[in-house]
Amino acid sequence: MPEGHTIHRLAEDYAAAFAAGTPLRVTSPQGKFADAAALLDRTPLHTTDAHGKHLFLGFGDAEPAEWVHIHLGLFGKVTFGPAPAPPPTDTVRLRLADATSYVDLRGPTTCALITDPEKQAVHDRLGPDPLRPDADPALAYRRIGRSRTTIAALLMDQKVIAGVGNVYRAEVLFRHRIDPYRAGRDITAAEWDAIWADLVALMREGVRLNRIDTVRPEHTPEAMGRPPRVDDHGGEVYVYRRAHLPCHICGGEIRTADLAARNLFWCPDCQRR
DNA sequence: CGACAATGAAAAA
DNA sequence: TTTTCCTTGTCGC
C-alpha cells in the first residue's frame, strides 16, 4: 500500500496501460471529479510522474499543461484491468479506459486538475525522493543534522525526505541499528549517507516487486528456519507491525509506541541509543 | 452487520 | 495537538 514505491510503480503502470496518443475515456462515476473528467475526456495520457507519495498524470497531445494530481492518503487504491471495463461502482473517483484496458482510482485524499506551475509548487514543498534520479540527499541532511526532532519523526516529514512511510521508517532504522528517538542532529553524516543509500536500494526493489521487503538474505525465514510471514503490506520485514514478537536477530521483544501520530516499531536491544 | 484499524496529510483548534 | 477526510479488510458478535 501507499508509500513512495507504490506511487512510482503506479506512475509506470499508468504509462504502460495506455499508449501515448490514444484518446482515453475519462470519467468520474463517484462524481467528485466529474467536471475535470469531462474536460479531459477523449484526450490522451502523455506523461506520468511521481514525487514521494504524489502522483501526476499529464494529459494532452504534446507537453502536458494540465495534470491530474493524485494523493492516495491512507485509503486510496488503484486497480488495473482489461477491457471491457465492468460497470463502475459508485466509489470510483476516476476511471481511465481505452479499447484494451481500464484503471480505477478509489478513495484518494487528493484528485485534482492542476496547472504546470501548481505541479511545480508541489515539487517545491517536498524533500528529496530516493526514487528520483535528481534527488539530493544533502538537502535532507541539512535539515536533519540541525534538528532536535527525533529521526523517526524526521523520516516521516515529507518536506525533509519524500516517499518514506511508516514501514520504511521502521525498517531502515532497524537495519542501521539506530534508536528511533535519537535527535536528528545526533545522526552523523556517515550514518545519513548509509541510510539514504539503503532507502534508494530498498525502495527501488519495492517498485520492482510492488511490495516492501527489507529482510537481508541471511535473515530470511528460510535462512533462519522459521515459517515465512507475509503481512498485509506483502513483504518480509524486521519490526513493522511485529509488536511483542521476538526480534529476528536478538530474540528480544519488539516494542511499539506512538511517534509522530503513527505506530512506531523497534527493537530496543538492536537499536540502542 | 457494526466496530475498528490501516502504510497519509491537511485543516482546525 | 486534535480533528477530519475517505475506503476497505478484518474481527467479533
Side-chain angles (χ1 to χ4, degrees), chain A residues 1-11 28-34 50-56 68-81 86 88-95 103-112 114 118 121-127 129-131 148-150 152-175 180 199 202-207 209-215 229-244 254 256-266:
Chain A
M1 284 193 203
E3 296 197 20
H5 70 297
T6 304
I7 309 310
H8 283 260
R9 175 60 180 257
L10 285 174
S28 178
Q30 182 228 27
K32 274 197 182 178
F33 195 62
H51 187 158
K53 299 164 189 168
H54 297 255
L55 174 65
F56 303 94
V68 176
H69 174 209
I70 295 169
H71 194 295
L72 295 181
L74 201 49
F75 327 112
K77 273 195 172 55
V78 178
T79 54
F80 292 76
T89 62
D90 56 10
T91 56
V92 176
R93 180 78 58 86
L94 172 65
R95 167 173 282 185
V103 185
D104 282 350
L105 167 69
R106 290 183 172 80
T109 294
T110 303
C111 177
I114 63 169
E118 287 169 329
V122 176
H123 291 296
D124 292 345
R125 65 179 161 79
L126 291 172
D129 176 348
L131 288 172
R148 274 175 291 189
T149 307
T150 62
L154 289 164
L155 283 174
M156 298 284 280
D157 185 341
Q158 302 297 303
K159 298 186 294 296
V160 173
I161 176 170
V164 173
N166 209 7
V167 183
Y168 282 122
R169 142 172 106 167
E171 295 299 309
V172 81
L173 289 175
F174 178 89
R175 285 168 58 96
L199 284 171
L202 286 173
M203 292 174 78
R204 276 189 191 155
E205 192 69 352
V207 174
L209 300 173
N210 213 1
R211 56 183 240 179
I212 300 180
D213 280 298
T214 60
V215 173
R229 169 184 175 281
V230 175
D231 202 349
D232 289 352
H233 55 82
E236 190 72 26
V237 294
Y238 285 108
V239 292
Y240 176 70
R241 268 176 42 172
R242 295 196 65 248
H244 314 305
I254 303 299
T256 184
D258 264 21
L259 202 156
R262 313 299 293 281
N263 297 320
L264 172 70
F265 302 89
W266 81 106

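Every chain is numbered from 1 and lettered A, B, ... according to where its sequence line falls, protein lines coming before strand lines.
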*Please determine if a side-chain N or O atom of A:R241 lies less than 4.0 Å away from the OP1 or OP2 oxygen of B:dA6.*
no
_Rounded to whole Å, how long is the line connecting atom CD1 of A:I70 with atom P of B:dG8?_
18 Å
*NA contact type, A:E171, heavy-atom cut-off 4.0 Å: base, sugar-phosphate, or nothing?*
nothing
*For the residue pair A:T150 and A:P180, establish whether any side-chain heavy-atom pair is separated by less than 4.5 Å.*
no
*Identify the two heavy atoms, one from A:G4 and one from A:M203, that lie closest to each other, and give their separation to 0.1 Å.*
CA-CE, 4.2 Å
*Short side-chain N/O contact to B:dA6 OP1/OP2 from A:N263, under 4.0 Å*: yes
*Distance check: side-chain N/O of A:H71 vs OP1/OP2 of B:dA9, anything under 4.0 Å?*
yes
*CG of A:N166 versus P of B:dT7: gap in Å, rounded?*
5 Å
_I need the minimum non-hydrogen distance between A:R262 and A:N166, along with the two atoms involved._
CB-ND2, 3.8 Å
*B:dA10 and C:dT8: how far apart are their P atoms, nearest whole angstrom?*
22 Å
*Quick one: A:L126 CG to B:dA9 P, roughly how many Å, whole number?*
9 Å
*Tell me: CG of A:L202 to C1' of B:dT7, nearest whole Å?*
15 Å
*asked:* Please name the nucleotide paired to C:dG9 by Watson-Crick or G-U wobble geometry with both distances under 3.5 Å, or report none.
replied: B:dC4
*Residue pair A:L10 / A:F80, side-chain heavy-atom distance below 4.5 Å*: yes
*To the nearest Å, how far apart are A:L72 CG and C:dT8 C1'?*
13 Å
*Write down the distance separating the C1' atoms in C:dG9 and B:dA9, rounded off to the nearest Å.*
22 Å
*Give the minimum heavy-atom separation between A:I7 and A:K53, together with the two atoms involved.*
CG1-CA, 3.6 Å
_If you only use heavy atoms from C-beta on, which nucleotide in B:dG8, B:dT7, C:dT8 is closest to the side chain of A:R106?_
C:dT8
*Using a 4.5 Å cut-off on heavy atoms from C-beta on, say whether the side chain of A:L202 contacts that of A:E205.*
no
*Distance in angstrom units between A:L74 CG and C:dC5 C1', rounded*: 11 Å
*Respond yes when some side-chain nitrogen or oxygen of A:Q158 is under 4.0 Å from OP1 or OP2 of B:dA10, and no when none is.*
no
*asked:* Quick check on B:dG8: is either OP1 or OP2 less than 4.0 Å from any side-chain nitrogen or oxygen of A:K53?
replied: yes
*According to a strict under-4.0 Å criterion, is A:Y240 in side-chain N/O contact with OP1 or OP2 of B:dT7?*
yes
*What is the distance from CZ of A:R262 to C1' of B:dA10, rounded to the nearest Å?*
13 Å
*To the nearest Å, give me how far apart CD1 (A:I161) and P (B:dT7) are.*
19 Å
_With rounding to the closest Å, how many angstrom separate the P atoms on C:dC11 and B:dT7?_
16 Å
*asked:* Does a side-chain N or O of A:R125 approach OP1 or OP2 of B:dA10 to a distance below 4.0 Å, or not?
replied: yes
